Colleague: 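If you scroll down you'll find the structure; I have some questions about it.
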Amino acid sequence: MRIDKLLWQLASPLGLSLTLCLLGLLLPALGRRRWGAGVILAAVVWLGVWSLPAVSDALRQSLEGRFANLPVAELPVAEAAVVLGGAIDAGPPGWPYPDLGPAADRVWQAARIFHAGKAKRLILSGGRLAWQGERLPEAQAMGRLLADLGVPAAALVLEERSRSTRENALYSAELIRTLGIERVLLVTSALHMPRALASFRAAGVAAMPAPTDFEVMPQPAQALRWLPDAGALAGSTRALKEYLGWWVYWWRGWA
């Protein structure tokens with residue numbers, strides 16, 4: 001497993017809270033009983049805050065709200081659309097169909113863009129993660145699903161090496177230059193779009209956002225939005241990962 005993935009697991013709300021709880025259990029053995037109780041309380045509060053639907057929605061909206069949720073008919077026309085991986089899993093050898101993940105809207109959005117005549121080519125960017133075992137590159141899995149959605153193979157260009165947003169941008173940029181394409185639509189989840197768009201533009205790609213997979217919807221004010229919820233914690237975790245990832249990319253000059 002890559003070290004950045006491991007570090008993120010430790011820094012995520014759940015990972016950090018569990019780490020603090022372990023520290024809080026060890027401190028009494030060192031004669032720091034009050035410190036131990038304080039650290040455990042901090043861990044519970046930290047986890048609880050990010051588990052509140054109202055907090056989770058506000059955090060995710062701070063990323064998603066930068067882009068309009070437009071129908072495909074209102075998107076600009078480009079020579080190609082780049083579709084980022086992280087949406088589906090090809091599964092082990094022998095599986096006839098890919099497994100659709102929560103972000104599979106990306107592939108559906110790509111099909112809509114193609115059929116609406118907004119892009120004549122779809123560049124599918126997604127490789128294979130080493131620790132997942134034997135898998136097809138995600139670009140191939142996306143290609144299979146797009147074929148089922150009526151997109152001809154001649155319209156697909158596969159980028160099968162990337163394992164991160166940074167590599168999505170770099171390897172797609174190589175293909176875009178080779179194909180002589182001037183500008184592209186960038187298809188990814190709205191939550192992921194700020195970091196992805198900055199990465200592609202830093203790689204010299206004239207990319208225009210075509211976000212999908214919007215998570216936050218208008219909700220009536222109610223007490224339940226201030227009660228902890230596992231789904232809200234998962235949403236907060238995704239948003240915090242994007243903020244941390246964007247900061248790292250900015251710091252390293254990748255965005």
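Here the structure is a predicted model, which means the values were calculated and not measured.
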Colleague: Counting only N and O atoms by type, is there a donor-acceptor contact under 3.5 Å from the side chain of Glu64 to the main-chain atoms of Glu215?
Modeller: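 At least one qualifying donor-acceptor pair exists.
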Colleague: Applying side-chain contact (heavy atoms from CB on, under 4.5 Å) to Leu146 and Phe114, what does each step give before you reach the verdict?
Modeller: CA-CA 10 Å; Leu146 285 166; Phe114 176 81; over 6 Å; no
Colleague: Apply side-chain contact (heavy atoms from CB on, under 4.5 Å) to the pair Thr212 and Trp108, showing each step before the final yes or no.
Modeller: CA-CA 9 Å; Thr212 187; Trp108 287 90; over 6 Å; no
Colleague: What's the spacing between Leu136 CG and Met142 CE if we round to 0.5 Å?
Modeller: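 One finds 12.5 Å between CG of Leu136 and CE of Met142.
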Colleague: More than 12 heavy atoms of other residues, nucleotides or ligands under 6.0 Å from OH of Tyr97: yes or no?
Modeller: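 At most 12 heavy atoms, drawn from other residues, nucleotides or ligands, come within 6.0 Å of this atom.
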Colleague: Identify the heavy atoms of Leu175 and Leu158 that sit nearest to each other, and give their distance.
Modeller: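 Heavy atoms only, the tightest pair is CD1-O, 4.1 Å.
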Colleague: Could you tell me which non-hydrogen atom of Gly24 sits nearest to which non-hydrogen atom of Ile40, and how far apart they are?
Modeller: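 That would be CA-CG1, 3.8 Å.
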Colleague: Are there over 12 heavy-atom neighbours, none belonging to Arg225, within less than 6.0 Å of that residue's CZ?
Modeller: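 Check passes, neighbour count above 12.
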Colleague: For the residue pair Ala110 and Val187, what are the closest heavy atoms and their distance?
Modeller: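 Closest approach of Ala110 to Val187, heavy atoms only: N-CG1, 4.5 Å.
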Colleague: Would Val82 and Val205 count as a side-chain contact (heavy atoms from CB on, under 4.5 Å) here? Give the steps.
Modeller: CA-CA 11 Å; Val82 180; Val205 177; 5.9 Å; no
Colleague: Could you state the interatomic distance from CZ (Arg183) to CD (Glu79), rounded to the nearest 0.5 Å?
Modeller: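 Interatomic distance, Arg183 CZ to Glu79 CD, rounded to 0.5 Å: 8.0 Å.
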Colleague: Hydrophobic clusters here meaning ILVMFWY residues chained together by side-chain heavy-atom distances under 4.5 Å, can you tell me if Val157 and Val151 are in one?
Modeller: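 As far as the 4.5 Å side-chain criterion goes, Val151 and Val157 are not connected within one cluster.
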Colleague: Does atom CD of Glu182 have more than 12 heavy-atom neighbours, drawn from other residues, nucleotides or ligands, at distances under 6.0 Å?
Modeller: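 No, because the 6.0 Å sphere around CD of Glu182 holds 12 heavy atoms or fewer from other groups.
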Colleague: Between the side chains of Ser56 and Arg60, is a donor N or O closer than 3.5 angstrom to an acceptor N or O?
Modeller: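 Ser56 vs Arg60: donor-acceptor pair found between side chains.
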Colleague: What distance separates Trp46 CH2 from Leu41 CG, expressed to the nearest 0.5 Å?
Modeller: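 So the CH2 of Trp46 and the CG of Leu41 are separated by 14.0 Å.
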Colleague: For the atom pair CG (Leu156) and CZ (Arg144), what is the distance rounded to the nearest 0.5 Å?
Modeller: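 The distance works out to 13.0 Å.
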Colleague: Is it possible for you to say whether Leu16 and Val49 belong to one hydrophobic cluster, with membership spreading through side-chain heavy-atom contacts below 4.5 Å?
Modeller: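 The answer is yes; both residues are in one hydrophobic cluster.
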Colleague: Do the side-chain N and O atoms of Ser125 and Glu159 include a donor-acceptor pair separated by under 3.5 angstrom?
Modeller: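 Judged by distance alone, the side chains do pair up.
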Colleague: What is the minimum heavy-atom distance between Pro211 and Ala68, and which atoms define it?
Modeller: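 Distance-wise, the nearest heavy atoms are CG-O, 3.9 Å.
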Colleague: I'd like to know if the side chain of Arg106 pairs up with that of Gln109 as donor and acceptor (distance under 3.5 Å, no hydrogens or angles considered).
Modeller: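 No, no side-chain donor-acceptor contact under 3.5 Å.
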Colleague: Just how far is it from atom NE2 of His192 to atom CG of Leu186, taken to the nearest 0.5 Å?
Modeller: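 CG of Leu186 is found 8.5 Å from NE2 of His192.
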Colleague: Could you state the interatomic distance from CD1 (Ile123) to CG (Asn168), rounded to the nearest 0.5 Å?
Modeller: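 Output value for this atom pair is 11.5 Å.
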Colleague: On the 0 to 90° scale, with breaks at 30° and 60°, tag the Trp246-Trp250 ring pair as parallel, tilted or perpendicular.
Modeller: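 Because their plane-to-plane angle is under 30°, the rings of Trp246 and Trp250 count as parallel.
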Colleague: In terms of hydrophobic clustering (I, L, V, M, F, W, Y; side-chain heavy atoms under 4.5 Å; direct or indirect links), are Leu20 and Leu26 co-clustered?
Modeller: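 They do not share one cluster, since no chain of ILVMFWY contacts under 4.5 Å joins Leu20 to Leu26.
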Colleague: Between Leu224 and Leu59, is there a shared hydrophobic cluster once you connect ILVMFWY residues whose side-chain heavy atoms come closer than 4.5 Å?
Modeller: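 Not linked; separate clusters.
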Colleague: What do the steps show when you test Phe67 against Leu197 for side-chain contact (heavy atoms from CB on, under 4.5 Å), and what is the final call?
Modeller: CA-CA 11 Å; Phe67 307 96; Leu197 189 62; 4.0 Å; yes
Colleague: Verify, without hydrogens or angle tests, whether Glu160 (side chain) and Gln140 (backbone) share a donor-acceptor contact under 3.5 angstrom.
Modeller: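 Not a single qualifying donor-acceptor pair exists.
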Colleague: Flag the pair Arg32 / Val39 as yes when at least one side-chain heavy-atom distance between them is below 4.5 Å, and no otherwise.
Modeller: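 SC-SC contact between Arg32 and Val39 ruled out.
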Colleague: Could you see if Tyr249 belongs to whatever hydrophobic cluster contains Leu84? Use Ile, Leu, Val, Met, Phe, Trp, Tyr and a side-chain cutoff under 4.5 Å.
Modeller: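 The answer is no; the residues belong to distinct hydrophobic clusters.
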Colleague: Verify the neighbour count for atom CZ of Arg66: are there more than 12 heavy atoms of other residues, nucleotides or ligands below 6.0 Å?
Modeller: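 More than 12 within 6.0 Å, yes.
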Colleague: Output yes when a side-chain donor or acceptor of Lys118 lies under 3.5 Å from a complementary backbone atom of Ala78, and no otherwise.
Modeller: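 Absent.
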Colleague: Are any of the side-chain heavy atoms of Thr165 and Thr188 separated by less than 4.5 Å?
Modeller: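 Not touching, per the 4.5 Å side-chain cut-off.
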Colleague: We want to know whether Thr237 and Ser12 form a side-chain donor-acceptor pair, criterion being a heavy-atom distance below 3.5 angstrom.
Modeller: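 There is no such pair between these side chains.
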Colleague: Can you find a pair of side-chain heavy atoms, one from Leu191 and one from Asp213, that are under 4.5 Å apart?
Modeller: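 A side-chain contact is absent here, since even the closest heavy-atom pair is not under 4.5 Å.
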Colleague: Give the minimum heavy-atom separation between Ile88 and Ala104, together with the two atoms involved.
Modeller: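 Nearest pair, atom of Ile88 first, then Ala104: CG2-CB, 4.2 Å.
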Colleague: Would you say Arg201's side chain and Ala207's backbone share a donor-acceptor pair under 3.5 angstrom?
Modeller: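 Here the side-chain-to-backbone pair exists.
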Colleague: Which pair of non-hydrogen atoms, one from Gly36 and one from Pro28, has the smallest distance, and what is that distance?
Modeller: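 In this case the closest contact between Gly36 and Pro28 is CA-CD, 4.4 Å.
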Colleague: With distance as the sole test, does Ser17 use its side chain to make a donor-acceptor pair with the main-chain N or O of Leu14 at under 3.5 Å?
Modeller: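 It does not hold such a pair.
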Colleague: Side chains of Pro13 and Leu240: does their closest heavy-atom pair fall under 4.5 Å?
Modeller: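 They are in contact (side-chain heavy atoms under 4.5 Å apart), so the answer is yes.
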Colleague: Please check this pair: side chain of Glu138 against backbone of Ala87, looking for a donor-acceptor N/O pair closer than 3.5 Å.
Modeller: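 Between the backbone of Ala87 and the side chain of Glu138 there is a qualifying donor-acceptor contact (under 3.5 Å).
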